[in-house]
2 protein chains.
Amino acid sequence: MKSLVSRCPIEEVMQLLSGRWPTLLIYYLKQGTKRFSDLRRDNPTISHKMLSLELRKLEDAGIVERTEFGGYPLRVEYQLTPGGHRLVPLIDALGYWWETTSDGGGHSSSAGAEPVVSNTVLRD
Amino acid sequence: MKSLVSRCPIEEVMQLLSGRWPTLLIYYLKQGTKRFSDLRRDNPTISHKMLSLELRKLEDAGIVERTEFGGYPLRVEYQLTPGGHRLVPLIDALGYWWETTSDGGGHSSSAGAEPVVSNTVLRD
DNA sequence: TCGTGGTTACAAAAAGGTGCGTAATTTACT
DNA sequence: AGTAAATTACGCACCTTTTTGTAACCACGA
(Lines give C-alpha, C1' and ligand atoms only; values in the text may rest on other atoms or scores of the structure.)
Protein backbone atom coordinates (compact mmCIF):
# COMPACT_ATOMS: atom_id res chain seq x y z
CA MET A 1 0.00 0.00 0.00
CA LYS A 2 1.30 3.38 -0.82
CA SER A 3 -0.74 6.00 0.87
CA LEU A 4 -3.41 5.58 3.42
CA VAL A 5 -4.78 8.88 4.55
CA SER A 6 -7.31 10.70 2.46
CA ARG A 7 -6.38 14.30 2.80
CA CYS A 8 -8.84 16.39 0.88
CA PRO A 9 -11.32 14.95 -1.58
CA ILE A 10 -9.82 17.00 -4.34
CA GLU A 11 -6.61 15.10 -4.06
CA GLU A 12 -8.57 11.89 -4.31
CA VAL A 13 -10.50 12.85 -7.41
CA MET A 14 -7.45 14.11 -9.13
CA GLN A 15 -5.61 10.96 -8.34
CA LEU A 16 -8.43 9.16 -10.06
CA LEU A 17 -8.85 11.43 -13.03
CA SER A 18 -5.24 12.26 -13.64
CA GLY A 19 -3.68 11.11 -16.82
CA ARG A 20 -4.80 11.09 -20.41
CA TRP A 21 -7.26 8.29 -20.30
CA PRO A 22 -9.80 8.55 -17.50
CA THR A 23 -11.62 11.59 -18.78
CA LEU A 24 -11.37 10.44 -22.35
CA LEU A 25 -12.90 7.11 -21.51
CA ILE A 26 -15.67 8.80 -19.60
CA TYR A 27 -16.22 11.01 -22.58
CA TYR A 28 -16.75 8.06 -24.87
CA LEU A 29 -18.67 6.10 -22.31
CA LYS A 30 -21.23 8.84 -21.90
CA GLN A 31 -22.34 8.00 -25.40
CA GLY A 32 -23.67 4.74 -24.07
CA THR A 33 -22.63 1.19 -23.50
CA LYS A 34 -19.34 0.23 -25.01
CA ARG A 35 -17.33 -2.91 -25.34
CA PHE A 36 -13.63 -3.21 -24.80
CA SER A 37 -12.94 -3.20 -28.50
CA ASP A 38 -15.26 -0.26 -29.04
CA LEU A 39 -13.23 1.80 -26.67
CA ARG A 40 -10.07 0.79 -28.39
CA ARG A 41 -11.55 1.93 -31.65
CA ASP A 42 -12.70 5.17 -30.12
CA ASN A 43 -9.22 5.76 -28.94
CA PRO A 44 -6.70 4.01 -31.12
CA THR A 45 -3.63 5.22 -29.28
CA ILE A 46 -4.38 3.55 -25.99
CA SER A 47 -2.67 0.28 -25.50
CA HIS A 48 -4.46 -2.88 -24.67
CA LYS A 49 -2.96 -2.96 -21.25
CA MET A 50 -3.70 0.65 -20.40
CA LEU A 51 -7.30 0.28 -21.41
CA SER A 52 -7.92 -2.64 -19.12
CA LEU A 53 -5.96 -0.96 -16.36
CA GLU A 54 -7.83 2.31 -16.60
CA LEU A 55 -11.13 0.58 -16.97
CA ARG A 56 -10.52 -1.34 -13.81
CA LYS A 57 -9.53 1.80 -11.99
CA LEU A 58 -12.72 3.51 -13.03
CA GLU A 59 -14.67 0.45 -12.07
CA ASP A 60 -13.11 0.35 -8.64
CA ALA A 61 -13.95 4.00 -8.24
CA GLY A 62 -17.58 3.32 -9.01
CA ILE A 63 -17.61 5.36 -12.17
CA VAL A 64 -17.90 2.54 -14.62
CA GLU A 65 -19.86 -0.64 -14.41
CA ARG A 66 -18.55 -3.77 -16.00
CA THR A 67 -20.92 -6.38 -17.28
CA GLU A 68 -19.54 -9.69 -18.36
CA PHE A 69 -21.53 -11.97 -20.58
CA GLY A 70 -20.59 -15.62 -20.63
CA GLY A 71 -19.59 -17.57 -23.64
CA TYR A 72 -16.79 -17.29 -26.08
CA PRO A 73 -15.56 -15.14 -27.56
CA LEU A 74 -15.91 -13.39 -24.27
CA ARG A 75 -18.14 -10.34 -24.28
CA VAL A 76 -17.90 -7.53 -21.79
CA GLU A 77 -19.74 -4.27 -21.73
CA TYR A 78 -18.90 -1.06 -19.96
CA GLN A 79 -21.14 1.78 -19.05
CA LEU A 80 -21.19 4.71 -16.72
CA THR A 81 -22.80 4.31 -13.35
CA PRO A 82 -25.14 7.02 -12.07
CA GLY A 83 -22.18 8.46 -10.22
CA GLY A 84 -20.20 8.44 -13.40
CA HIS A 85 -22.96 10.28 -15.19
CA ARG A 86 -22.98 12.93 -12.50
CA LEU A 87 -19.31 13.41 -13.15
CA VAL A 88 -19.75 14.16 -16.82
CA PRO A 89 -21.03 17.73 -16.57
CA LEU A 90 -18.22 18.59 -14.20
CA ILE A 91 -15.65 17.41 -16.67
CA ASP A 92 -17.45 19.24 -19.43
CA ALA A 93 -17.32 22.38 -17.34
CA LEU A 94 -13.57 22.06 -17.15
CA GLY A 95 -13.43 21.77 -20.89
CA TYR A 96 -15.57 24.83 -21.24
CA TRP A 97 -13.36 26.69 -18.83
CA TRP A 98 -10.38 25.87 -20.93
CA GLU A 99 -12.01 27.04 -24.09
CA THR A 100 -13.06 30.33 -22.61
CA THR A 101 -10.00 31.17 -20.62
CA SER A 102 -6.90 30.23 -22.47
CA ASP A 103 -8.18 30.22 -25.93
CA GLY A 104 -6.15 29.26 -28.88
CA GLY A 105 -2.83 30.95 -28.83
CA GLY A 106 -0.76 33.24 -26.71
CA HIS A 107 -2.12 35.20 -23.85
CA SER A 108 0.13 37.95 -22.74
CA SER A 109 -2.04 40.49 -20.94
CA SER A 110 0.69 42.52 -19.31
CA ALA A 111 -0.91 43.38 -16.05
CA GLY A 112 1.48 46.17 -15.22
CA ALA A 113 1.58 46.40 -11.47
CA GLU A 114 4.22 47.98 -9.37
CA PRO A 115 6.90 45.30 -9.54
CA VAL A 116 10.15 45.84 -11.23
CA VAL A 117 10.90 42.94 -13.41
CA SER A 118 9.23 41.71 -16.51
CA ASN A 119 6.78 38.97 -16.12
CA THR A 120 7.60 35.90 -18.08
CA VAL A 121 10.56 34.73 -19.99
CA LEU A 122 9.23 32.82 -22.86
CA ARG A 123 10.19 29.32 -23.50
CA ASP A 124 9.50 26.64 -26.07
CA MET B 1 5.75 23.37 -29.65
CA LYS B 2 5.63 20.10 -27.99
CA SER B 3 2.18 18.73 -28.51
CA LEU B 4 0.03 18.60 -31.55
CA VAL B 5 -3.11 20.54 -31.96
CA SER B 6 -5.72 20.55 -29.28
CA ARG B 7 -7.95 17.58 -29.67
CA CYS B 8 -10.71 18.24 -27.23
CA PRO B 9 -10.43 20.89 -24.55
CA ILE B 10 -10.96 18.28 -21.88
CA GLU B 11 -7.75 16.60 -22.81
CA GLU B 12 -5.99 19.90 -22.52
CA VAL B 13 -7.31 20.77 -19.10
CA MET B 14 -6.57 17.35 -17.77
CA GLN B 15 -3.08 17.53 -19.09
CA LEU B 16 -2.71 20.71 -17.14
CA LEU B 17 -4.38 19.62 -13.94
CA SER B 18 -3.13 16.07 -13.84
CA GLY B 19 -0.85 15.11 -11.04
CA ARG B 20 -0.88 15.73 -7.34
CA TRP B 21 0.21 19.31 -7.31
CA PRO B 22 -1.72 21.55 -9.68
CA THR B 23 -5.05 21.38 -7.91
CA LEU B 24 -3.42 21.49 -4.53
CA LEU B 25 -1.53 24.61 -5.41
CA ILE B 26 -4.65 26.21 -6.73
CA TYR B 27 -6.35 25.27 -3.53
CA TYR B 28 -3.78 27.08 -1.44
CA LEU B 29 -3.49 29.95 -3.84
CA LYS B 30 -7.16 30.70 -3.62
CA GLN B 31 -6.48 31.83 -0.08
CA GLY B 32 -4.59 34.76 -1.46
CA THR B 33 -1.14 35.80 -2.50
CA LYS B 34 1.57 33.37 -1.57
CA ARG B 35 5.29 33.29 -1.81
CA PHE B 36 7.36 30.35 -2.87
CA SER B 37 8.27 29.48 0.66
CA ASP B 38 4.67 29.87 1.81
CA LEU B 39 3.60 27.28 -0.67
CA ARG B 40 6.32 24.97 0.48
CA ARG B 41 5.10 25.36 4.02
CA ASP B 42 1.52 24.76 2.94
CA ASN B 43 2.63 21.60 1.31
CA PRO B 44 5.73 20.24 2.95
CA THR B 45 6.04 17.18 0.78
CA ILE B 46 6.60 18.99 -2.47
CA SER B 47 10.18 19.47 -3.49
CA HIS B 48 11.44 22.85 -4.50
CA LYS B 49 12.03 21.56 -7.98
CA MET B 50 8.50 20.33 -8.36
CA LEU B 51 7.09 23.49 -6.91
CA SER B 52 8.87 25.73 -9.32
CA LEU B 53 8.07 23.41 -12.18
CA GLU B 54 4.38 23.27 -11.38
CA LEU B 55 4.20 26.94 -10.67
CA ARG B 56 5.66 27.70 -14.05
CA LYS B 57 3.25 25.34 -15.71
CA LEU B 58 0.33 27.06 -14.08
CA GLU B 59 1.77 30.40 -14.99
CA ASP B 60 2.13 29.42 -18.61
CA ALA B 61 -1.44 28.24 -18.57
CA GLY B 62 -2.61 31.61 -17.33
CA ILE B 63 -3.88 30.30 -14.03
CA VAL B 64 -1.24 31.82 -11.83
CA GLU B 65 0.45 35.14 -12.02
CA ARG B 66 4.02 35.49 -10.92
CA THR B 67 5.21 38.77 -9.55
CA GLU B 68 8.88 39.23 -9.00
CA PHE B 69 10.10 41.98 -6.72
CA GLY B 70 13.67 43.13 -7.08
CA GLY B 71 16.21 43.12 -4.35
CA TYR B 72 17.81 40.44 -2.37
CA PRO B 73 16.93 38.08 -1.05
CA LEU B 74 14.76 37.74 -4.10
CA ARG B 75 11.07 37.94 -3.43
CA VAL B 76 8.44 36.44 -5.66
CA GLU B 77 4.71 36.33 -5.15
CA TYR B 78 2.15 34.09 -6.73
CA GLN B 79 -1.55 34.58 -7.05
CA LEU B 80 -4.43 33.28 -9.07
CA THR B 81 -5.43 35.13 -12.17
CA PRO B 82 -9.12 35.82 -12.82
CA GLY B 83 -9.14 32.71 -14.97
CA GLY B 84 -7.61 30.78 -12.14
CA HIS B 85 -10.30 31.99 -9.79
CA ARG B 86 -12.96 30.83 -12.19
CA LEU B 87 -11.39 27.42 -12.08
CA VAL B 88 -11.68 27.08 -8.33
CA PRO B 89 -15.39 26.28 -8.07
CA LEU B 90 -15.05 23.65 -10.76
CA ILE B 91 -12.34 21.89 -8.83
CA ASP B 92 -14.38 22.20 -5.68
CA ALA B 93 -17.28 20.61 -7.49
CA LEU B 94 -15.11 17.63 -8.28
CA GLY B 95 -14.19 17.34 -4.65
CA TYR B 96 -17.81 17.50 -3.69
CA TRP B 97 -18.65 14.86 -6.25
CA TRP B 98 -16.07 12.59 -4.72
CA GLU B 99 -17.41 13.07 -1.24
CA THR B 100 -20.94 12.32 -2.25
CA THR B 101 -20.35 9.41 -4.57
CA SER B 102 -17.65 7.25 -3.17
CA ASP B 103 -16.90 7.09 0.48
CA GLY B 104 -13.22 6.57 0.56
CA GLY B 105 -12.36 8.56 3.61
CA GLY B 106 -14.03 6.35 6.16
CA HIS B 107 -17.46 7.87 6.31
CA SER B 108 -20.50 5.85 6.99
CA SER B 109 -23.23 4.98 4.54
CA SER B 110 -22.19 2.14 2.32
CA ALA B 111 -23.37 3.10 -1.09
CA GLY B 112 -24.38 -0.44 -1.82
CA ALA B 113 -22.65 -0.93 -5.09
CA GLU B 114 -20.51 -3.96 -4.53
CA PRO B 115 -19.70 -6.53 -1.94
CA VAL B 116 -17.58 -4.71 0.52
CA VAL B 117 -14.26 -6.21 1.30
CA SER B 118 -12.57 -5.18 4.47
CA ASN B 119 -12.96 -1.52 5.07
CA THR B 120 -9.44 -1.13 6.33
CA VAL B 121 -7.60 -2.30 3.30
CA LEU B 122 -8.06 -0.29 0.24
CA ARG B 123 -6.09 -0.74 -2.84
CA ASP B 124 -4.70 2.09 -4.82
C1' DT C 1 -6.80 -20.28 -36.62
C1' DC C 2 -9.26 -16.41 -35.33
C1' DG C 3 -11.39 -13.37 -32.12
C1' DT C 4 -12.37 -11.49 -27.26
C1' DG C 5 -10.95 -9.61 -22.84
C1' DG C 6 -7.48 -10.07 -19.77
C1' DT C 7 -2.91 -11.02 -17.50
C1' DT C 8 1.97 -11.28 -16.98
C1' DA C 9 7.08 -10.22 -17.74
C1' DC C 10 10.21 -7.18 -19.33
C1' DA C 11 11.76 -2.62 -21.36
C1' DA C 12 11.29 2.18 -22.08
C1' DA C 13 9.96 6.60 -20.72
C1' DA C 14 8.34 9.92 -17.69
C1' DA C 15 7.85 11.84 -13.22
C1' DG C 16 9.85 13.00 -9.09
C1' DG C 17 13.57 13.73 -5.29
C1' DT C 18 18.33 15.29 -3.61
C1' DG C 19 21.74 18.20 -3.45
C1' DC C 20 24.79 21.79 -5.23
C1' DG C 21 25.45 26.35 -7.32
C1' DT C 22 23.88 31.31 -7.95
C1' DA C 23 22.52 36.03 -7.02
C1' DA C 24 22.98 40.67 -3.68
C1' DT C 25 22.37 42.07 0.60
C1' DT C 26 22.10 41.82 5.62
C1' DT C 27 23.54 39.86 10.02
C1' DA C 28 26.98 37.26 12.94
C1' DC C 29 31.27 36.31 14.43
C1' DT C 30 36.22 37.15 15.05
C1' DA D 1 36.94 46.02 9.65
C1' DG D 2 36.79 41.68 7.38
C1' DT D 3 35.23 37.36 6.57
C1' DA D 4 31.57 33.96 6.91
C1' DA D 5 26.92 32.58 6.90
C1' DA D 6 22.12 33.02 5.92
C1' DT D 7 18.50 34.42 3.12
C1' DT D 8 15.05 33.39 -1.45
C1' DA D 9 13.80 31.46 -5.59
C1' DC D 10 15.30 29.13 -8.55
C1' DG D 11 18.39 26.07 -12.53
C1' DC D 12 20.98 22.03 -13.33
C1' DA D 13 22.84 17.34 -12.95
C1' DC D 14 22.22 12.93 -11.20
C1' DC D 15 19.59 9.20 -9.45
C1' DT D 16 15.35 6.60 -8.01
C1' DT D 17 10.56 5.51 -8.50
C1' DT D 18 6.39 5.22 -10.99
C1' DT D 19 3.93 4.86 -15.10
C1' DT D 20 3.30 3.29 -19.67
C1' DG D 21 4.35 0.56 -23.84
C1' DT D 22 5.40 -4.03 -26.17
C1' DA D 23 4.77 -8.45 -26.78
C1' DA D 24 3.52 -12.89 -25.69
C1' DC D 25 0.34 -15.93 -23.44
C1' DC D 26 -4.31 -17.82 -21.71
C1' DA D 27 -9.10 -19.19 -22.11
C1' DC D 28 -12.37 -21.56 -25.56
C1' DG D 29 -15.87 -22.00 -29.16
C1' DA D 30 -16.70 -21.35 -34.20
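Order of the sequence lines fixes the chain letters, A, B, ..., with proteins taken first and strands second; residue numbering starts at 1 for each chain.
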Peer 1: Write down the distance between CZ (A:Arg75) and P (D:dA30), rounded to a whole number of angstrom.
Peer 2: 15 Å
Peer 1: Round to a whole Å and report the spacing from CD of B:Glu68 to C1' of D:dG11.
Peer 2: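 Distance check: B:Glu68 CD to D:dG11 C1' gives 14 Å.
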Peer 1: A:Tyr78 near the nucleic acid: base, sugar-phosphate alone, or nothing, with a heavy-atom cut-off under 4.0 Å?
Peer 2: sugar-phosphate
Peer 1: Listed in order of residue number, which residues of residues 21-41 of chain A have a non-hydrogen atom at under 4.0 Å from DNA chain D?
Peer 2: none
Peer 1: Taking CG from A:Leu51 and P from D:dG21, how many angstroms apart are they, rounded to a whole number?
Peer 2: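 Atom-to-atom, A:Leu51 to D:dG21, this comes out as 11 Å.
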Peer 1: Could you check how far NZ of B:Lys57 sits from C1' of C:dG16, rounded to whole Å?
Peer 2: 12 Å
Peer 1: Nearest-Å distance, CG (B:Leu53) to P (D:dC12)?
Peer 2: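 For the pair B:Leu53 CG and D:dC12 P, the rounded distance is 11 Å.
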Peer 1: Mind checking the CD1-CG spacing from A:Ile10 to B:Leu24? Nearest 0.5 Å is all I need.
Peer 2: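 If we round to the nearest 0.5 Å, A:Ile10:CD1 and B:Leu24:CG are 8.0 Å apart.
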Peer 1: Between A:Thr45 and B:Ser52, which has a closest nucleotide on DNA chain D that is more 5'?
Peer 2: B:Ser52
Peer 1: Identify all pairs in which a protein N or O lies below 3.5 Å from an N or O of nucleotides 18-24 of chain C, and state each distance.
Peer 2:
residue, atom, partner, partner atom, Å
C:dG19, O6, B:His48, NE2, 3.0

Peer 1: Expressed in angstrom and rounded to an integer, what is the separation of A:Leu74 atom CG from D:dA30 atom P?
Peer 2: 14 Å
Peer 1: Measuring from the side chain of A:Glu54 (C-beta onward, heavy atoms only), which nucleotide among C:dG5, D:dA9, D:dT20 has the closest atom?
Peer 2: D:dT20
Peer 1: Under the side chain to side chain contact (heavy atoms under 4.5 Å, CB included) test, which residues partner A:His48, sequence neighbours left out?
Peer 2: A:Phe36, A:Arg40
Peer 1: For B:Arg35, check side chain to side chain contact (heavy atoms under 4.5 Å, CB included) against everything at least two apart and list the hits.
Peer 2: B:Ser37, B:Asp38, B:Arg75, B:Glu77
Peer 1: Go through the structure and list residues passing side chain to side chain donor-acceptor pair (under 3.5 Å) with A:Gln79, not counting sequence neighbours.
Peer 2: none
Peer 1: Is A:Trp97 reaching over with its side chain to a backbone N or O of B:Gly83, donor-acceptor style, under 3.5 angstrom?
Peer 2: yes
Peer 1: Under the side chain to side chain contact (heavy atoms under 4.5 Å, CB included) criterion, do A:Leu55 and A:Leu39 qualify, and how do the steps go?
Peer 2: CA-CA 10 Å; A:Leu55 244 15; A:Leu39 289 168; 4.0 Å; yes
Peer 1: Roughly how far, to the nearest 0.5 Å, is the CG atom of A:Leu87 from the OG1 atom of A:Thr23?
Peer 2: 9.5 Å
Peer 1: Listed by chain and number, what are the side chain to side chain contact (heavy atoms under 4.5 Å, CB included) partners of B:Thr81, not counting sequence neighbours?
Peer 2: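 Applying side chain to side chain contact (heavy atoms under 4.5 Å, CB included) to B:Thr81 gives B:Glu65.
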Peer 1: Measure the shortest side-chain to side-chain distance between A:Ile26 and A:Leu17 over non-hydrogen atoms and say whether it is less than 4.5 angstrom.
Peer 2: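 Yes, close enough: below the 4.5 Å cut-off.
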Peer 1: Ignoring backbone atoms, test whether A:Arg56 places a side-chain nitrogen or oxygen under 4.0 Å from the OP1 or OP2 oxygen of C:dG5.
Peer 2: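 So the side chain of A:Arg56 is outside the cut-off, no N or O lying under 4.0 Å from OP1 or OP2 of C:dG5.
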Peer 1: Base, sugar-phosphate or nothing for A:Ser18? Non-hydrogen atoms, less than 4.0 Å.
Peer 2: nothing
